[in-house]
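Since the structure comes first, as structure tokens, the remarks are kept for the end.
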Amino acid sequence: MKKNSIVLIIGLMSLALIGVLAMQFYFLRDSYRQKSQLFDESVNAALTAVAGKLERREVVDFAKVQQERNIEKSKQEQAKQQLLTEQLQLQTQIEDLRGKLNRVYQKFKAQEDRLNRLYPNIIYIDNWFYETYVRRPQYQDLVEISIVKKPTSTPLYYEEQIEVNAIKPIPRIEAKDDSTRFLVVHFDDLKRLVGRDLFVLPPRSDPKLSQKIFELEIKLNKLSKKNAGQGFNVYDSVAMLGGKKADYIEDVAIGMELAKRPLKDRLNIIIVQELLKEELAQRDIKVPFNIEIWSTSNILLNNILNEAELNSSKNTTKYSTALFKGDIGAAPGKLTIYFPNKKAIIADNMSYLLLPMLALLFLLVGCFAYTLIIIFRQKKVSEMKTDFINNMTHEFKTPVATIMIASESLKDPDINADHKRVQKLANIIYDENVRLGNHIERVLDLAKLEKETLKLDREDVHINDLVAAVTDSMQLRMQNIGGKFSVDLAATKDIVVGDELHFSNVFYNLIDNAIKYSKGDLHVNISSKNIGDNIVITIADNGIGMSRDHLQKIFDQFYRIPTGNVHNVKGFGLGLSYVQDILRRLNGRITVKSEKDKGTTFEVILPLKK
């Protein structure tokens with residue numbers, strides 16, 4: 001394959017891969033935008049639903065508390081007027097008492113709110129605990145104040161709480177009054193306790209007033225049951241005078257009463273959080289979120305699940321809705337939530353798309369890389385085969401040219417008359433034919449090896465004798481180059497099962513390589529030894545050696561080691577490939593060690609006959 005063709009294929013494949021990447025990126029970006037939009041719509045819908053529930057819950061709760069709406073008066077029977085008067089009197093007494101009770105609570109609440117604003121670390125303690133431990137100096141050391149992390153309803157999130165406990169139980173002293181006591185603790189930057197203060201507030205409620213209200217309400221309920229048949233409540237009366245429906249008048253009255261209450265008293269952040277979780281879960285959003293409740297421009301309540309994310313949440317999308325939109329006038333508050341890890345939530349919802357796309361991308365890249373490897377490998381094999389054909393042509397050309405010259409010489413009458421010269425030329429023709437035949441046989445053996453059609457004999461072979469015979473046959477060639485063999489066939493067991501001819505070719509190729517790639521005074525050591533159930537034949541030379549790069553390739557077909565300035569090395573690059581394949585088929589193996597300019601050592605390992 002030409003270089004321009006390879007460049008064109010790589011360019012087209014790269015363009016296709018870039019196109020696939022661009023399409024996947026566009027698809028993921030569009031999917032992310034759609035998921036983000038659906039997420040925003042779901043959160044806003046959940047906020048609207050929560051705001052409606054909070055408003056309805058407040059109306060219901062307020063209706064339960066406001067018992068005056070249950071006052072009935074009879075207009076049909078004159079005999080019930082007195083009963084209605086008593087009912088109104090009881091209601092007035094109850095309202096007066098409730099007003100007093102509410103003032104007691106408001107007085108306590110104002111002081112409690114002021115205390116909460118001044119001291120963030122404030123802890124309510126029971127009066128019996130105060131009398132038992134705090135009040136008596138000798139037992140104050142038994143009071144333990146600690147900061148504990150308690151898990152929230154959201155997994156992996158915790159909130160810090162201050163707890164006051166007694167290290168050791170002692171006889172309990174009951175409370176002596178109904179005052180409300182708070183313990184204010186002070187911590188340093190390392191959250192170590194550095195001090196504590198005690199604050200005493202008036203009672204939250206007046207038990208006597210509560211009992212009196214309870215008794216009056218029982219009387220009122222009894223009167224209400226008597227009048228339930230024909231009586232009308234206050235809202236019915238107003239509706240009749242104004243020509244409006246009673247439900248409408250009642251809704252207006254309730255709205256006016258509710259709007260008078262402070263927003264902070266109208267909300268419970270725990271209930272808000274639970275409602276939000278419920279509504280978000282119905283929309284398949286089950287992740288942590290932070291809550292903020294605003295009144296006009298001031299934040300009243302918040303519930304930060306992860307304080308570490310407060311700073312990073314400045315750029316986070318916030319979702320808001322108005323609270324108590326049914327109030328007369330503008331809505332008094334706003335509920336806001338935000339998700340510090342919104343991007344991760346949406347990405348997690350897209351994982352079912354992301355994983356297959358990544359798998360497809362890796363598959364395409366792998367196929368692209370594998371295709372390139374195959375192309376370059378085939379190009380390399382093609383170049384090696386071209387070199388092989390050139391080599392083979394050269395190897396075939398030499399004996400053919402020699403045979404042609406010898407044949408033409410035989411046509412000369414003068415040479416034909418000389419019997420010795422004719423015999424010599426005939427020997428040359430025969431030798432060259434044998435050489436040519438050996439070359440052809442090696443190429444045919446290679447084809448048979450590749451097609452798995454080469455048949456090998458299975459007979460007993462004495463490896464020591466075989467190696468000695470091959471060495472003797474190459475002794476003359478070694479002497480011609482001034483080298484020598486050192487033979488030490490010390491293996492006591494040398495019988496293996498295999499093909500004697502191909503075993504001979506194996507050792508011939510190894511010794512031939514040692515002679516081909518020699519330098520100066522060549523010395524080849526040939527030895528055998530027994531290791532376990534194997535015989536190991538070692539052929540070591542002091543030739544030119546090989547680098548690590550060549551060691552990994554010498555058993556590939558058509559591969560020949562570059563010889564630099566040495567130009568007399570001939571061959572097809574098939575010898576070692578043939579050696580490895582024959583040994584593999586005969587259950588043997590070959591290893592090689594070599595150092596550049598120091599020599600090479602081959603080890604042939606064959607299993608002994610059992």
Side-chain angles (χ1 to χ4, degrees), residues 16-55 151-159 267 269-297 299-325 331 333-365:
L17 186 61
I18 292 172
V20 171
L21 286 173
M23 291 179 63
Q24 287 188 340
F25 174 76
Y26 175 80
F27 176 74
L28 284 175
R29 186 181 64 177
D30 191 59
S31 298
Y32 180 85
R33 289 176 178 174
Q34 292 181 4
K35 291 285 185 181
S36 180
Q37 184 176 359
L38 289 174
F39 183 85
D40 294 344
E41 292 175 357
S42 298
V43 173
N44 287 324
L47 281 174
T48 302
V50 169
K53 287 184 177 181
L54 289 174
E55 194 162 1
T152 64
S153 57
T154 302
L156 303 180
Y157 285 86
Y158 296 85
E159 60 181 4
L267 292 172
I269 194 167
I270 297 177
I271 295 176
V272 174
Q273 183 178 353
E274 292 301 323
L275 290 174
L276 278 171
K277 284 183 181 179
E278 180 182 344
E279 291 295 331
L280 291 173
Q282 291 179 1
R283 294 163 177 80
D284 293 329
I285 301 176
K286 301 176 182 179
V287 292
F289 55 86
N290 293 335
I291 303 174
E292 292 178 352
I293 298 176
W294 294 78
S295 174
T296 311
S297 59
I299 186 168
L300 294 180
L301 300 169
N302 61 48
N303 185 24
I304 306 302
L305 299 178
N306 192 344
E307 295 182 1
E309 295 172 346
L310 274 175
N311 295 328
S312 63
S313 65
K314 294 180 180 178
N315 299 324
T316 302
T317 304
K318 293 189 176 183
Y319 307 89
S320 300
T321 188
L323 292 173
F324 306 113
K325 291 182 282 188
K334 179 176 67 174
L335 172 62
T336 300
I337 68 169
Y338 57 91
F339 302 84
N341 54 347
K342 174 186 173 183
K343 293 182 179 179
I345 297 168
I346 298 175
D348 184 61
N349 290 334
M350 294 177 60
S351 60
Y352 71 96
L353 293 175
L354 190 61
L355 293 178
M357 293 180 69
L358 288 176
L360 178 61
L361 178 61
F362 284 126
L363 180 62
L364 290 175
V365 173

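Only this structure's heavy atoms are used, side chains among them; waters, hydrogens and symmetry mates stay out. Note that this is a predicted model, so its numbers are computed, not measured.
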To the nearest 0.5 Å, how far apart are [atom1] in [X] and [atom2] in [Y]?
| X | Y | atom1 | atom2 | value |
| --- | --- | --- | --- | --- |
| Lys318 | Ile337 | NZ | CD1 | 11.5 Å |
| Leu323 | Thr321 | CG | OG1 | 7.0 Å |
| Leu54 | Leu276 | CG | CG | 8.0 Å |
| Arg283 | Leu38 | CZ | CG | 13.0 Å |

Nearest atoms (heavy-atom pairs only) where Ala322 meets Ala51: O-CB, 3.7 Å
Closest heavy-atom pair and its distance - Phe339, Ile285: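 Shortest heavy-atom contact: CE2-CG2, 4.3 Å.
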Over 12 foreign heavy atoms within 6.0 Å of CD1, Ile270: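 Result for CD1/Ile270: open.
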side-chain contact (heavy atoms from CB on, under 4.5 Å) assessment of Asp40 paired with Gln37: CA-CA 5 Å; Asp40 294 344; Gln37 184 176 359; 5.5 Å; no
Side chain to side chain contact (heavy atoms under 4.5 Å, CB included) partners for Leu364, two or more places apart: Leu17, Val20, Leu360
Pair Val43-Phe289, side-chain contact (heavy atoms from CB on, under 4.5 Å): steps then yes or no: CA-CA 11 Å; Val43 173; Phe289 55 86; over 6 Å; no
For Thr336, side chain to side chain donor-acceptor pair (under 3.5 Å) partners two or more places apart: Ser320
Set of residues satisfying side chain to side chain donor-acceptor pair (under 3.5 Å) with respect to Asn44, sequence neighbours excluded: none
